[in-house]
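Owing to the predicted nature of the structure, the values given are computational and were not obtained by experimental measurement. Both backbone and side-chain heavy atoms feed into the values below; hydrogens, waters and symmetry mates do not. Letters go in sequence order (proteins before strands), and every chain restarts at 1.
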There are 2 protein chains.
Amino acid sequence: MSDAPSIVLDPVIHEAARLVIVSVLNECGAASFNFLLGTTGLTRGNLSAHMLRLVSSGYVHESKQIVDRKMLTEYRLTPVGRKAFAKYRAEWMRLTTGPKEQAT
Amino acid sequence: MSDAPSIVLDPVIHEAARLVIVSVLNECGAASFNFLLGTTGLTRGNLSAHMLRLVSSGYVHESKQIVDRKMLTEYRLTPVGRKAFAKYRAEWMRLTTGPKEQAT
DNA sequence: ATAAACTTGTCTGTGATACAGACTTGTTTG
DNA sequence: CAAACAAGTCTGTATCACAGACAAGTTTAT
């Protein structure tokens, strides 16, 4: 007696590149576009697209400022994003280290 | 001083459906095609394709037998697969709970 | 002022691939 | 022989990650 769809990992977070990004934001609090460029190794266009997806999913907040007379785009997790990441991690753990039932 | 590609999660294992499959095999030792059908919720064709990929990646061993006068295809992780899964988990952990360096 | 550099972003094309569902083959059972 | 079950194969579709070209705004150098 049991069967869940089982595949419930938030695709927005699960994708490898975004998983890196979200993890960094979760640890560092905030990170700039250029910093993320380095940590991910993505191209600019590509990173931009990933950030757009995270922002429009409501997981990340974007702030544009001028620092040192230069444009600076900074990102940080929203409360929703933080919660989603926590849920994703919990689901991942449950999945990869679930109870050992007998398979047929 | 530091920058690794950062995105090093084995794509064969990271994909959500296959992550479920590999996790199940890791816990249960062996599982049949029909059992995996239920736990994943995939269609037969789809599951077949995923299993093919896991088998041809050398992560899963496939055995076809006749049980109760019916065809039975069983899968289990190979030593290579088990090792790859362990590595994947280690990488995932490192990634999602890495050291808190200062971001720019 | 014009050019060069920096930061970010948009757009396009391409390749990979996950997925549903139809059809196929082989075996067993009524 | 027909119906049912197991396991695939095949096709078409949609998504999506990615590289790289180009655009736009700001700042610094000449």
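- Side chain of B:Asp10 to backbone of B:Val12: a donor-acceptor contact under 3.5 angstrom is found.
- Applying the side chain to side chain contact (heavy atoms under 4.5 Å, CB included) rule to A:Leu52 yields no partners; only residues at least two apart in sequence or on another chain are considered.
- In this structure, the side chain of A:Ser57 does not engage the main chain of A:Tyr59 through any donor-acceptor pair within 3.5 Å.
- Residues passing the side chain to side chain contact (heavy atoms under 4.5 Å, CB included) test with A:Ser56, sequence neighbours excluded: none.
- Listed by chain and number, the hydrophobic cluster partners of A:Leu72 are A:Val67, where partners are ILVMFWY side chains within reach of under 4.5 Å, directly or through others.
- Per the geometry, CG belonging to B:Asn34 stands 17 Å off P belonging to D:dA4, to the nearest Å.
- With sequence neighbours excluded, the residues that form a side chain to side chain contact (heavy atoms under 4.5 Å, CB included) with B:Asn26 are B:Leu77, B:Arg82, B:Phe85, B:Arg89.
- For DNA chain C, the outermost nucleotides in 5' to 3' order that have an atom under 4.0 Å from a heavy atom of chain A are C:dT7 to C:dT10.
- Remark: A:His61 engages A:Ser63, A:Arg76, A:Thr78 in a side chain to side chain contact (heavy atoms under 4.5 Å, CB included) (not counting sequence neighbours).
- Under a 4.5 Å side-chain heavy-atom criterion applied to ILVMFWY residues, the cluster that includes B:Met71 comprises that residue alone.
- Under the ring-ring contact (aromatic ring centres under 6.0 Å, His included) criterion, the residue pairs touching residues 12-54 of chain B are A:His14-B:His14, B:His14-B:Tyr88, with sequence neighbours excluded.
- The residue A:Tyr75 sits close only to the backbone: its heavy atoms come under 4.0 Å of sugar-phosphate atoms, none of a base.
- With sequence neighbours excluded, no residue forms a side chain to side chain donor-acceptor pair (under 3.5 Å) with A:Glu15.
- Within residues 62-74 of chain A, the residues that have a heavy atom under 4.0 Å from DNA chain C are, in order of number, A:Glu62, A:Lys64, A:Met71, A:Leu72, A:Thr73.
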Contact string for nucleotides 13-23 of chain D, one letter per nucleotide 5' to 3', B = base within protein heavy-atom range under 4.0 Å, S = sugar-phosphate only, - = neither, reads ---SSBBB---

